[in-house]
Amino acid sequence: MSHLELVSESRCFNGWLKRYQHHATSVSCMMQFSIYLPDLSGQRTLPALYWLSGLTCTDQNFMQKSGAIPIASELGIILITPDTSPRGSDFPDEHQDWDFGSGAGFYLNATQTPWDKNYRMYDYVVNELPSIVAKRFPVNSKRSISGHSMGGHGALICALKNPGFYCSVSAFSPICAPVKSPWGQKAFSNYLGEDINNWNQYDASKLIQHATERLPILIDQGTEDEFLQHQLLPEELRRACEQYQHPLTLRMQTHYDHSYYFISTFIEDHLHHHLYAMENTINC
């Protein structure tokens, strides 16, 4: 079991926001994650919501900007935010582009050299981090997942690829069809090679067809999002869900953009969505 080193802790909203670092075997480097523990966690185990952040973000953005902490404190939900990619491997060109490399792990398991050694964020998010959390923190067996942009893509694929593991899934402005998105094409070609079949394994709009669990999806998308038409492509996911009768609530929010102002406006809806599922779903 990885040794956890406490990096920082802050008292807020009747709970503690803590940041840890540890050596992660899945990505072969040091990783950091943040966790919010309501005081209720000292009295009983609580459900956990994993949040995956977007391009250029770290484990801290959501905790600082979303407004989720006071709501999670009231509802009794533990919040867990991993980093968005490995840090410090210093491959050539790793830090050159904001949409690839550091800060842009895309929550997949890379297969191409040199990325395959460290860029295995899918394994970290789905396997290693939940195992650490379950052993070290007062969580119960109920977990859900959400995210924003690249992290929304991550939340969708993690839920679709792991039936029964999450009670619920939601996303803000997710990259819904990365195979058709310039961001996704850049990341997938470098991390996964040129075989489109490998890309499809990390594309929510493709995974819908083969999903063995029809877990309802909640998505909020701003109509004034500058990335909506060329990068996010929610209509691709809508069409796939309609074709394969997968439950989807896609809320197009008029005048909202891609920012954390947008996220903070609707985050309470998402936390209630997850708490309801975690309290009422038997098979997760």
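Index from 1, following the sequence. The structure presented is a predicted model; accordingly, all values stated were derived computationally and were not measured.
Every ring-ring contact (aromatic ring centres under 6.0 Å, His included) that W98 has, sequence neighbours left out, goes to W183. Every residue meeting the side chain to side chain donor-acceptor pair (under 3.5 Å) condition with N61, not counting sequence neighbours, appears here in chain and number order: T58. Every residue meeting the salt bridge (Lys or Arg N to Asp or Glu O under 4.0 Å) condition with E235, not counting sequence neighbours, appears here in chain and number order: R238. Listed by chain and number, the residues in a side-chain contact (heavy atoms from CB on, under 4.5 Å) with T249 are L218, R251 (sequence neighbours excluded). For H246, the side chain to side chain donor-acceptor pair (under 3.5 Å) partners two or more places apart in sequence, or in a different chain, are R214. R87 pairs by the side chain to side chain donor-acceptor pair (under 3.5 Å) definition with D83, T84, not counting sequence neighbours. E236 is linked by a salt bridge (Lys or Arg N to Asp or Glu O under 4.0 Å) to K180, R239, counting only residues two or more places apart in sequence or in another chain. For C167, the disulfide bond (SG atoms under 2.5 Å apart) partners two or more places apart in sequence, or in a different chain, are C284.
Sequence neighbours left out, the pairs with a member in residues 17-34 that pass salt bridge (Lys or Arg N to Asp or Glu O under 4.0 Å) are E9-K18, R19-D59. The list of disulfide (SG to SG under 2.5 Å) pairs with a residue in residues 226-264, not counting sequence neighbours, is empty. Listed by first and then second residue, the salt bridge (Lys or Arg N to Asp or Glu O under 4.0 Å) pairs that reach into residues 32-43 are R11-D39, sequence neighbours excluded. Residue pairs meeting the salt bridge (Lys or Arg N to Asp or Glu O under 4.0 Å) criterion with at least one partner in residues 109-125, sequence neighbours excluded, are R120-D123.
Annotation: H230, atom NE2; neighbour count of heavy atoms from other residues, nucleotides and ligands within 6.0 Å does not exceed 12. Shown here is Q185, whose CD atom has more than 12 heavy atoms of other residues, nucleotides or ligands within 6.0 Å. The neighbour count for K206 NZ, taken as heavy atoms of other residues, nucleotides or ligands under 6.0 Å away, does not exceed 12. For F13, the CZ atom is loosely surrounded, since the number of other residues' heavy atoms within 6.0 Å does not exceed 12.
Each of S144, S168, S66, S170 was scored for a side-chain hydrogen bond (donor to acceptor under 3.5 Å, both in side chains) with H270, with one residue passing: S170. When each of I78, V133, V125 is tested with Y50 by the rule side chain to side chain contact (heavy atoms under 4.5 Å, CB included), just one qualifies, namely V133.
Judged purely by distance below 3.5 Å, without hydrogens or angles, the side chains of S181 and Q231 pair a donor atom with an acceptor atom. Remark: the E213 side chain and the Y166 side chain contain no N/O donor-acceptor pair separated by less than 3.5 Å. Using modelled atom types, one finds no donor on one side chain facing an acceptor on the other under 3.5 Å when comparing W115 with T113.
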Check: Hey, mind stepping through Y256 and Y261 against ring-ring contact (aromatic ring centres under 6.0 Å, His included) and telling me if it holds?
Finding: CA-CA 8 Å; Y256 285 91; Y261 298 115; over 10 Å; no
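For the pair K161 and Y202, the cation sits on the ring face: its NZ or CZ lies under 6.0 Å from the ring centre, inside 45° of the axis.
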